[in-house]
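Residue numbering restarts at 1 for every chain, and letters A, B, ... go by the order of the sequence lines.
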Amino acid sequence: MTQENQPVTTQNENQIIAERRSKLTELRKVGNAFPNIFRRDNIASQLHEQYDERSKELLEESAVTVKVAGRMVLKRIMGKASFATIQDMSGRIQLYISNDHTGQDNHEAFKHYDLGDILGAQGKLFKTKTGELSIRVTNCQLLTKCLRPLPEKFHGLTDQEQKYRQRYLDLITNEETRKVFSIRSKTIHAIREFFVARDYLEVETPMMHPIPGGASARPFATHHNALDMSLYLRIAPELYLKRLVIGGMEKVFEINRNFRNEGISTRHNPEFTMLEFYEAYQDYTYLMDFTEKMLGEVAERVLGTRKIIYQEREIDLTKPFQRLTITQAIQKFHPEYTDVQLNDRDYLADKLQKLRIKTHSHDGIGGLQLSLFDETTEHLLFEPTFIIDYPAEVSPLARRNDDNAEITDRFELYIAGREIANGFSELNDPEDQATRFQAQVEAKDAGDDEAMHYDADYIRALEYGLPPTAGEGIGIDRLVMLFADSANIRDVILFPQLRRED
RNA sequence: GGGUCGUUAGCUCAGCUGGUAGAGCAGCGGACUUUUAAUCCGUUGGUCGUGAGUUCGAAUCUCACACGGCCUACCA
C-alpha cells in the first residue's frame, strides 16, 4: 500500500497511464496541476429541472450564465468545436467548446484532456439542434487529472469483483449502482426520522465487548494492549440497549454495525448494519403493528409506493402481514404434516434425520419444530409474514408466554424468504435470565460454539429492574436489498468484505 | 464447506477439432464548427490467472494451485 504513494515508474505501466502521466508532468510545468480555486454555482440536475422545458429561443434570450464542475465521461472532437459530457453528483450536462466562444487556446488545451478528468466550466445555457440543454463554454479548466483510463464507456464496469473492490469505478460508470446507494441512504434516513418523530432517543453503544452477547453467533476477537484484555467485536447491541432502558431511556434505538465471524454469502457479510430499538411498557404484539407501520411508511418515502417489486414479484406492504405460529406456517406449505406429528418429539427427530438436518441432543420439541420450519418453510415465505411463538430454548433473552412457559412472546418477520426482523417482549426477570444464561453455558460446554456466555454484569443490571419492554432488530442491508431489488447483499454494501487481493 | 462455470490489451469481448493472438471502446497522429456510444483514415498496446505435464509445437488438451461469479449448506 505504501507503494501507492510513491511515484510509479512508467516502465511498469501501460502506455495509456504513461501518456496521461506525461500530460500531468506538462501541467505541473505551467502552474498548479491540482488547483482548488474553482467554485461551481450549479449542478446538472438543477439545470435540467429548471431549463429543460424552456424553448431554444427563450433560453437564447435569457442568456443564463452557469458554472459547473464534474468528471468528463464523454468527449467528441470535431475540429474547431467539441462536445463533452460531464457528470456530477446529480447527473450529467453537456458542454460545447469551440474556437468561437471558448477561444482557440482553451479549445486546443481541452482536446488533450482525457475521459475521467475533472473539469470546471463556465458559460451560457443553450439548446443544440437536437434540443439538448448544453453550456456554450467561455472558459474551461482542468481541475484534477485522471491518470488511469475509465472502464469502457458503453458497457461500463461489469466484473462483479472489480465493482466491489473498486466501488468508485462502479459509481462513476453505473447509474444503477448510484441509485442503489441513494436508496440505502434514504432508507436509513427515513427510519431515523420515523423513530425521532416518535420521541425515541438515538444512541451508540460499544462496538467492543468484553463478553459478546445479545445473539447466538461467533464473534471476532481482538485485544486491548493497555488494558491487556480480550475484546470482541459486538455481535449485537441488545444487552447494552436494555441497560439503557433500565437507566430510564424508555425509547431508544441504534443503527449501527454488527460483526459475526461466520460464512459469507449472497445474504451474509461479516459486518452488517442493524437497527435495534426498545420501548418500555410495550409488548411484542405492539412491535408487530409498529413494524408494519414503519415498513409501509419507509417504503412510501423512499420509493413512493408501498407495493414494491422484488425479483419480478410484488411485495405488498399495505395490508397487515400474516401472523402464523411455527407449526401453522409449516402446515400452510406442507399440509401433509398433522398436528399430532408436529408435536411428537420422536417423529420430528426421525423426520429431521431423514431430511439430513442437523439436530442437537438437547433439542426439545420447539427446537425440532423450528429446525423443520427453517428447512422446509422459511424460504417459501415471500409475502411479509410474522412467525410467532418461538420456543424458549432458542430464545434466551425473550419473555416467556404467560400461558405456556415453553414458548416466548417473540416473532420473526420474513419477507421474500428471508428473515428481516426479530422482536420480542423482553425477559426482565433477572432470576429467569440467570437460569437461561446458565443453560446457554451448558450448551456451549456441550459444543455449541454459538451459545451465549453468562453475563453477570447484565444480570446485575436486570436486578435493578428493567421495566416491561418490547425490543426488535431489523437487518438494514436485507431491507435495502428489498427496496433496491438486489439479489446479493454485496450490491447494497459499498465495500463488502472480500479476500485479500494479492 | 460442496457443486458448477469462469480468468485473453486499461475496459467490453472473439479466438472451432492444438500451428506461439484479434475486434470494438479507450490512447496516439490526421480530417471535421450542433455532436451525443459522434463519424472517417492511420496507428501503438498482450509472459493469454500461476505452476507443472502431454506434444515437434499449448490461449486451446491434462493435473494442481490462486482468485472470482452463480447454485447450495449455517449464522441476520
Side-chain angles (χ1 to χ4, degrees), chain A residues 13-20 22-23 56 73-85 92-102 104 107 111-112 114-116 126-134 136 146-166 169 172-173 214-219 235-236 257-276 356-358 371 374-375 378-379 412-414 418-422 448-450 473-479 481 487-490 498-502:
Chain A
E13 296 178 338
N14 77 64
Q15 62 172 25
I16 293 178
I17 297 175
E19 179 69 34
R20 290 179 177 220
S22 77
K23 287 178 180 176
K56 194 170 170 158
V73 291
L74 290 172
K75 180 187 175 193
R76 297 173 286 279
I77 296 173
M78 299 170 303
K80 299 189 179 63
S82 301
F83 284 94
T85 301
R92 294 179 169 195
I93 185 84
Q94 180 168 265
L95 307 180
Y96 178 69
I97 294 133
S98 65
N99 286 359
D100 289 352
H101 301 92
T102 321
Q104 191 170 348
H107 185 214
K111 287 182 183 177
H112 293 97
D114 293 299
L115 291 184
F126 77 109
K127 280 196 173 174
T128 64
K129 64 183 181 189
T130 51
E132 178 168 350
L133 185 71
S134 308
R136 191 181 287 121
C146 173
L147 291 176
R148 293 176 179 270
L150 293 183
E152 204 253 4
K153 65 187 174 190
F154 187 58
H155 298 92
L157 189 62
T158 60
D159 182 81
Q160 283 299 326
E161 183 191 1
Q162 208 179 350
K163 278 161 67 85
Y164 302 142
R165 285 197 195 280
Q166 294 181 275
L169 286 182
I172 290 168
T173 357
S216 301
R218 298 213 301 270
I235 54 175
R257 231 67 69 80
N258 289 344
F259 306 86
R260 299 190 183 174
N261 203 343
E262 289 164 354
I264 295 176
S265 77
T266 50
R267 285 170 288 278
H268 301 88
N269 194 58
E271 54 180 302
F272 61 99
T273 301
M274 188 86 165
L275 158 71
E276 282 207 14
R356 286 184 294 177
I357 301 166
K358 279 180 290 185
S371 294
D374 285 345
E375 189 67 23
E378 174 182 321
H379 63 279
E412 288 193 355
L413 171 63
Y414 289 86
R418 293 186 200 124
E419 183 187 338
I420 295 292
N422 176 19
D448 183 353
D449 53 10
E450 288 179 358
I474 295 183
I476 295 297
D477 310 278
R478 290 186 178 176
L479 188 62
M481 285 169 73
N488 192 329
I489 198 168
R490 291 174 168 182
L498 303 169
R499 274 176 216 276
R500 262 209 317 272
E501 194 166 5
D502 46 73

Write down the partner of B:G27 under the Watson-Crick or G-U wobble criteria, each distance required to be under 3.5 Å.
B:U43
How far does CD1 of A:Ile420 sit from CG of A:Leu413, to the nearest 0.5 angstrom?
6.5 Å
Taking NZ from A:Lys129 and P from B:U34, how many angstroms apart are they, rounded to a whole number?
6 Å
Per A:Lys80 side chain, nearest of listed nucleotides B:U34, B:A73, B:U33:
B:U33
Rounded to whole Å, CG of A:Asp159 lies from C1' of B:U7 at a distance of 9 Å
Could you tell me how far apart A:Leu74 (CG) and B:G27 (P) are, to the nearest whole angstrom?
11 Å
Look through every strand shown and name the nucleotide pairing with B:C63 as Watson-Crick or G-U wobble, where both distances are under 3.5 Å.
B:G51
Once you apply a heavy-atom cut-off of 4.0 Å, does A:Gly156 come out as touching a base, just sugar-phosphate, or nothing?
sugar-phosphate
Regarding the side chain of A:Glu450, the nearest nucleotide among B:A26, B:G24, B:C74 is B:C74
Scan every strand shown for a Watson-Crick or G-U wobble partner of B:G1, both distances under 3.5 Å, and answer none if you come up empty.
B:U72
Could you tell me how far B:C70 sits from B:A59 if I compare only their C1' atoms? Round to whole Å.
24 Å
Selection from B:C70, B:G27, B:G69 that lies nearest to any side-chain heavy atom of A:Asn488
B:C70
Between A:Ile77 and A:Glu19, who's closer to the 5' end of RNA chain B by nearest nucleotide?
A:Glu19
Nearest-Å distance for atom pair NE2/C1', residues A:His155 and B:C13
8 Å
B:G69, B:A26, B:U33: which one has an atom nearest the side-chain heavy atoms of A:Lys153?
B:A26
Side chain of A:Lys23: nearest nucleotide among B:G27, B:U12, B:G69?
B:G27
dist A:Ile97:CD1 -> A:Lys75:NZ (nearest 0.5 Å) comes out at 9.5 Å
NA contact type, A:Glu412, heavy-atom cut-off 4.0 Å: base, sugar-phosphate, or nothing?
nothing
Classify the side chain of A:Gln94 and the base of B:U35 as holding, or not holding, a donor-acceptor pair under 3.5 Å.
yes
As an exercise, state the distance from CD1 of A:Ile476 to OG1 of A:Thr273, rounded to the nearest 0.5 Å.
7.5 Å
Is A:Lys56 touching bases, backbone alone, or none of the nucleic acid, heavy atoms closer than 4.0 Å?
nothing
Find the distance A:Lys163:NZ to B:C70:C1' and express it as a whole number of Å.
15 Å
What's the gap between B:G24 and B:G42 when it is taken at their P atoms, as a whole Å value?
11 Å
Mind calculating the distance between CD1 (A:Ile264) and C1' (B:G1) to the nearest angstrom?
13 Å
Check whether the side chain of A:Thr158 and the base of B:U12 form a donor-acceptor pair under 3.5 Å.
no
Quick check for you: among B:A73, B:C28, B:A38, whose closest atom lies nearest to any side-chain atom of A:Met78?
B:A38
P spacing across the pair B:G27 / B:C67, given as an integer number of angstrom
35 Å
Quick one: do the A:Tyr96 and A:Gln94 side chains pair a donor with an acceptor below 3.5 Å?
no
Check the distance between B:U72's P and A:Glu378's CD and give it to me in whole angstrom.
13 Å
Just how far, in rounded Å, is P of B:C28 from CD1 of A:Ile16?
9 Å
Minimum-distance nucleotide to A:Arg165 side chain [options: B:G27, B:C67, B:C71]
B:C67
Any donor-acceptor pair, under 3.5 Å, between the side chain of A:Tyr96 and the base of B:U33, if you only look at N and O atoms?
yes
Heavy atoms under 4.0 Å, any strand shown: does A:Arg267 hit a base, just sugar-phosphate, or nothing?
base
Just call it for A:Gly475: base, sugar-phosphate, or nothing, with non-hydrogen atoms closer than 4.0 Å on any strand.
nothing
Taking only the side-chain heavy atoms of A:Ser265 (C-beta and beyond), determine which of B:U35, B:U33, B:A73 contains the nearest atom.
B:A73
B:A21 - base-pair partner by Watson-Crick or wobble geometry, distances under 3.5 Å:
none
Sugar-phosphate only, base, or nothing, as touched by A:Gln166 at under 4.0 Å among non-hydrogen atoms:
nothing
If you check the A:Asn99 side chain, which of B:G27, B:U33, B:A38 turns out closest?
B:U33
Which of the following nucleotides, B:U35, B:G69, B:U12, is nearest to the side chain of A:Tyr164?
B:G69
Select base, sugar-phosphate, or nothing to describe what A:Asp477 touches, counting heavy atoms under 4.0 Å on all strands.
nothing
Reckon A:Arg92 touches a base, only the sugar-phosphate, or nothing at all at heavy-atom distances under 4.0 Å?
nothing
